[in-house]
Protein chains: 2
Amino acid sequence: MVAESELNTGLLLFLPYRALENRIFAALADAGFDDFTPAQARVMQRIGPDGTRLTELAEQAQITKQTAGFLVDQLEKSGYVTRVPDPTDKRARLVRGAAKAWAAKEVADGVVAEVEREWEDHLGRRRMKQLREALALLREITDPWA
Amino acid sequence: MVAESELNTGLLLFLPYRALENRIFAALADAGFDDFTPAQARVMQRIGPDGTRLTELAEQAQITKQTAGFLVDQLEKSGYVTRVPDPTDKRARLVRGAAKAWAAKEVADGVVAEVEREWEDHLGRRRMKQLREALALLREITDPWA
DNA sequence: CAAAGTAGTCAGAGAATCTGACCAATGTCA
DNA sequence: TGACATTGGTCAGATTCTCTGACTACTTTG
């Protein structure tokens, strides 16, 4: 099913994304953050600095709010997040990252920086800059929350 | 958890990838190819022109061979693939795309071309070329099967 | 204020994934 | 050549992830 000669842009985007994600997971596990799953991480990643509503997490992760709730429950039990009332809406609660989550983010950010350096080494500073520029532009038409 | 000002390269790669995948799925469903799941598609996508072994599909999709077998079973029942003996190894079988799969690929390829045109319209020909170039280069260090 | 919409939960089912154990065929090398 | 390790794949069972449908509580809108 794969085109023989030339990969489509989709796969070309996916490959480095997955490579980076793998690196991050490995590093987190090494650092002792091995009590959450990829699905949980994909939700946790989207929590904003001041907390984010469940519904918004669900939308951005493109899962149902029920699924998001299920995953946040587990993150809460593992101590990665807490839920606090949303002062602006009594129906809602804000999912906030706990200290443990921010510590994990430190590790993850380190890996990202390291991998980005490796990529820049391979592409050259110029091409790396062009890549980020093109991707940032692309985001304007591919990210509904941009 | 998300960086406030600037997204990391990982998310920047993921966003357009997901947008493209969404478009492809929607178009396939419209065209009547609605009897397979995303997980099945991710495996099917990796079948080579002459068939591919289960183990290799599993590796490339980064799932266990048991899971791959489970998904291929379903694709076989839906008529997307067949399994034929591997002439070079009596243990192995080759998973081959059936006519229905190649028809679906036609549709998918059409969408990819369309989306790539849209992206090029947004980025300009020059930047689009740079993007593909950088991604192709990046593949060298991020794709274990390159 | 009534109606419609939004945030979230509960219940139940289906899909996707894993680990462990296993068999048959192939490869290795003393 | 023959024992041993490796590889391709399956079976069984459990866990995790995800969905649909139905529901409550609160908010927004006309």
Subject >> Residue whose closest nucleotide on DNA chain C lies nearer the 5' end, G69(A) versus R91(A) >> reply: R91(A)

Original post:
At under 4.0 Å between heavy atoms, what does Q66(B) touch on the DNA or RNA strands: base, sugar-phosphate, or nothing?
Top reply: base

Original post:
Roughly, in whole Å, what's the span from CG in L71(B) to P in dT10(D)?
Top reply: 13 Å

Original post:
Whole Å only: how far is the CD atom of E59(A) from the C1' atom of dA7(C)?
Top reply: 11 Å

**OP:** Indicate, with yes or no, if the rings of F36(A) and Y80(A) have centres closer together than 6.0 Å.
**Re:** yes

**OP:** Grab the CG-C1' distance between D86(A) and dT9(C) for me, whole Å please.
**Re:** 17 Å

Original post:
Distance check: side-chain N/O of T67(A) vs OP1/OP2 of dC17(D), anything under 4.0 Å?
Top reply: no

Original post:
Rounding to a whole Å, what distance do you find between R42(A):CZ and dT18(D):P?
Top reply: 7 Å

Original post:
Do side-chain atoms of E116(B) reach the backbone of T9(A) as a donor and acceptor pair under 3.5 angstrom?
Top reply: yes

**OP:** Grab the CD-P distance between Q74(B) and dA16(C) for me, whole Å please.
**Re:** 6 Å

Original post:
Considering only side-chain heavy atoms of D89(A), which listed nucleotide, dT27(D), dT20(D), dT26(C), is closest?
Top reply: dT27(D)

**OP:** Could you state the atom-to-atom distance from CG of L54(A) to P of dG8(C) in whole Å?
**Re:** 5 Å

**OP:** With DNA chain D as reference, determine whether K65(B) or T64(A) sits nearer its 5' end, using the nearest nucleotide of each.
**Re:** K65(B)

**OP:** Give a yes or no answer on whether the side chain of W102(B) reaches the backbone of G97(B) with a donor-acceptor pair at less than 3.5 Å.
**Re:** yes

**OP:** Of all the heavy-atom pairs spanning L15(A) and D143(B), show the shortest one and how long it is.
**Re:** CD2-OD2, 3.6 Å

Subject >> Interatomic distance where CD1 belongs to I63(B) and P belongs to dT15(D) [whole Å] >> reply: 21 Å

**OP:** For a side chain to side chain contact (heavy atoms under 4.5 Å, CB included) with K129(A), tell me which candidate from E133(A), R132(A), R125(A), R127(A) qualifies.
**Re:** E133(A)

Original post:
Checking all strands, does K90(B) fall into the base, sugar-phosphate, or nothing category for heavy-atom contacts under 4.0 angstrom?
Top reply: sugar-phosphate

Original post:
Any side-chain N or O of R93(A) under 4.0 Å from OP1/OP2 of dC26(D)?
Top reply: no

**OP:** Using atom CG of L94(B) as one end and atom P of dG9(D) as the other, report the distance to the nearest whole Å.
**Re:** 8 Å

Original post:
Can you find a side chain N or O atom of T55(A) that sits less than 4.0 Å from OP1 or OP2 on dG8(C)?
Top reply: yes

